[in-house]
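Working notes for the structure below.
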Amino acid sequence: MILLLGIDDTDDSSSRGTGYQARQLGKTLHEAGLADFRAVTRHQLLVDSRIDYTNRNSSACLVLEAAKTDITNVLDFARLGLKSDCAPDSNVGITLVERSAVNGGIQDFGRTAKHEVLSVNPARELAERMEIHLEGINGTGAGVIGALAAIGLHASGEDGRFIWLPKLRELDGSYTVAEVIKLLGVDVTTISGEALPPSAEIEALEWMRPIMREGRAILLAERENQDGKFSWRFVDKPTVKALSD
């Protein structure tokens, strides 16, 4: 079964961010033989002075595949790992749920967290009604808001960007579009949604992040004209951030 593991508020001003913690946690879960590590998505929440966030107020959702009988072990492992690795002054929240159980109410909660200041109690009450495990594991536990929002936004299929996929950070050099699709399991399109020719050559970038649209991971590319010769390139970092925050 496919599981969504949402985490938030794992860092402080001097530590690595929640995205890093999510990638490390996914790898250690895989190495422990508890789950196959499929992906991590980053989701931008509201940036507002009334919210006690560390850096940019983003949360992360891990995509895992595990047997139903291993859910408790996955949760216990994740809880202990985050308690051990998160920053001392953080307020970690965590949630773990089958992807199929993330309904419209939780997706709406995630969308609201992008535009409104939310508090811990509504998040806990919603999770309890939906019978979803949600807990704060240190500090104030305020990270439960972002953790729940992360799984809702991921399940919506229309928010955020992939900060980890197998082989994503290993690409180097020039590839055909068909090779990129095969290696990463993503789609490659223009911003308007036009598919690229499979034989087109395209250069991997140091920073490449597929966005989430229609439940798919999509790497965005654009045509460029160099001395009258047209070629393809992946869009730059600011453009990806603007489209996925």
Side-chain angles (χ1 to χ4, degrees), residues 4-23 25 40-63 75 78-79 82-83 85-97 99 101-163 209 211-213 215 237-238 240-245:
L4 300 183
L5 174 61
I7 65 172
D8 191 26
D9 208 349
T10 64
D11 56 344
D12 61 21
S13 59
S14 61
S15 68
R16 300 290 295 268
T18 294
Y20 172 80
Q21 293 288 353
R23 299 195 306 273
L25 178 57
V40 179
T41 52
R42 175 197 185 275
H43 301 278
Q44 181 63 51
L45 308 181
L46 177 66
V47 175
D48 188 290
S49 60
R50 293 170 291 175
I51 300 173
D52 185 21
Y53 61 86
T54 304
N55 186 15
R56 283 289 300 166
N57 198 29
S58 65
S59 58
C61 178
L62 291 79
V63 184
L75 179 60
R79 182 191 295 114
L82 288 172
K83 280 185 176 180
D85 296 338
C86 67
D89 295 329
S90 60
N91 302 296
V92 182
I94 183 173
T95 184
L96 180 66
V97 63
R99 183 167 63 186
V102 184
N103 61 18
I106 300 167
Q107 294 178 32
D108 287 343
F109 180 89
R111 296 184 190 101
T112 301
K114 296 178 73 70
H115 305 290
E116 296 181 16
V117 178
L118 300 175
S119 61
V120 167
N121 286 341
R124 293 187 184 278
E125 291 167 2
L126 177 60
E128 184 175 358
R129 288 199 306 273
M130 302 301 177
E131 298 182 341
I132 287 176
H133 183 88
L134 178 70
E135 66 172 305
I137 63 175
N138 73 333
T140 67
V144 295
I145 300 168
L148 190 64
I151 64 168
L153 289 167
H154 179 97
S156 76
E158 297 290 344
D159 186 84
R161 57 183 175 266
F162 288 80
I163 59 174
R209 302 291 184 269
I211 67 169
M212 170 86 89
R213 291 294 183 273
K237 185 175 181 178
V240 173
K241 285 188 171 185
L243 291 169
S244 60
D245 277 354

field: salt bridge (charged side-chain N to carboxylate O under 4.0 Å, His left out) involving Asp108 - partner list, sequence neighbours excluded
entry: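 With sequence neighbours excluded, Asp108 shows a salt bridge (charged side-chain N to carboxylate O under 4.0 Å, His left out) to Arg111, given in chain and number order.
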
- prompt: Of all residues at least two apart in sequence or in a different chain, which pass the salt bridge (charged side-chain N to carboxylate O under 4.0 Å, His left out) check with Arg209?
  reply: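 For Arg209 there are no salt bridge (charged side-chain N to carboxylate O under 4.0 Å, His left out) partners, ignoring immediate neighbours.
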
For [X] and [Y], work out which heavy atoms get closest and say how close.
| X | Y | result |
| --- | --- | --- |
| Leu126 | Phe109 | CD2-CB, 3.7 Å |
| Ser59 | Leu45 | OG-CD1, 3.9 Å |
| Arg213 | Gly160 | NH1-O, 4.4 Å |
| Ser156 | Gln107 | CA-OE1, 3.5 Å |
| Ala150 | Ala60 | CB-O, 3.5 Å |
| Ile151 | Gly6 | CG2-N, 3.7 Å |

- request: Identify which one of Leu148, Ile145, Leu46 satisfies the side-chain contact (heavy atoms from CB on, under 4.5 Å) criterion when paired with Leu118.
  value: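 Going through the options one by one, the only one that passes is Ile145.
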
field: Test side-chain contact (heavy atoms from CB on, under 4.5 Å) applied to Leu4 and Ile106, Leu62, Val63, the passing residue
entry: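 Between Leu4 and the candidates, side-chain contact (heavy atoms from CB on, under 4.5 Å) is satisfied uniquely by Val63.
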
Distance from [X] atom [atom1] to [Y] atom [atom2], nearest 0.5 Å?
| X | Y | atom1 | atom2 | value |
| --- | --- | --- | --- | --- |
| Ser58 | Arg161 | OG | CZ | 8.0 Å |
| Leu75 | Leu96 | CG | CG | 5.5 Å |
| Asp159 | His154 | CG | NE2 | 10.5 Å |
| His43 | Lys114 | NE2 | NZ | 8.5 Å |
| Tyr20 | Ile163 | OH | CD1 | 12.5 Å |
| Ile94 | Asp9 | CD1 | CG | 13.0 Å |

field: Heavy-atom donor-acceptor pair, Asp8 side chain to Gly93 backbone, under 3.5 Å
entry: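 It does not hold such a pair.
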
task: Check for a donor-acceptor pair, side chain of Gln21 on one end and backbone N or O of Asp85 on the other, with a separation under 3.5 Å.
output: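 Between the backbone of Asp85 and the side chain of Gln21 there is a qualifying donor-acceptor contact (under 3.5 Å).
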
Going by atom type alone, with no hydrogens or angles, which donor-acceptor pairs under 3.5 Å involve a side-chain atom of residues 129-141 and a protein atom two or more places apart or on another chain?
| unit_1 | atom_1 | unit_2 | atom_2 | d |
| --- | --- | --- | --- | --- |
| His133 | NE2 | Glu135 | OE2 | 2.8 |
| Glu135 | OE1 | Arg79 | NE | 3.4 |
| Glu135 | OE2 | Arg79 | NE | 2.9 |
| Glu135 | OE2 | Arg79 | NH2 | 2.7 |
| Asn138 | OD1 | Val92 | N | 2.6 |
| Asn138 | ND2 | Ser90 | O | 3.3 |
| Asn138 | ND2 | Ser90 | OG | 3.1 |
| Thr140 | OG1 | Asn91 | OD1 | 3.3 |
| Thr140 | OG1 | Ala142 | N | 3.2 |

message: I'd like to know whether CD of Glu128 has more than 12 heavy-atom contacts from other residues, nucleotides or ligands below 6.0 angstrom.
response: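 Not more than 12 within 6.0 Å, no.
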
query: Given the rule in the side-chain contact (heavy atoms from CB on, under 4.5 Å) test, do Thr95 and Val144 qualify, once you have shown the distances and angles that lead to the verdict?
result: CA-CA 7 Å; Thr95 184; Val144 295; over 6 Å; no

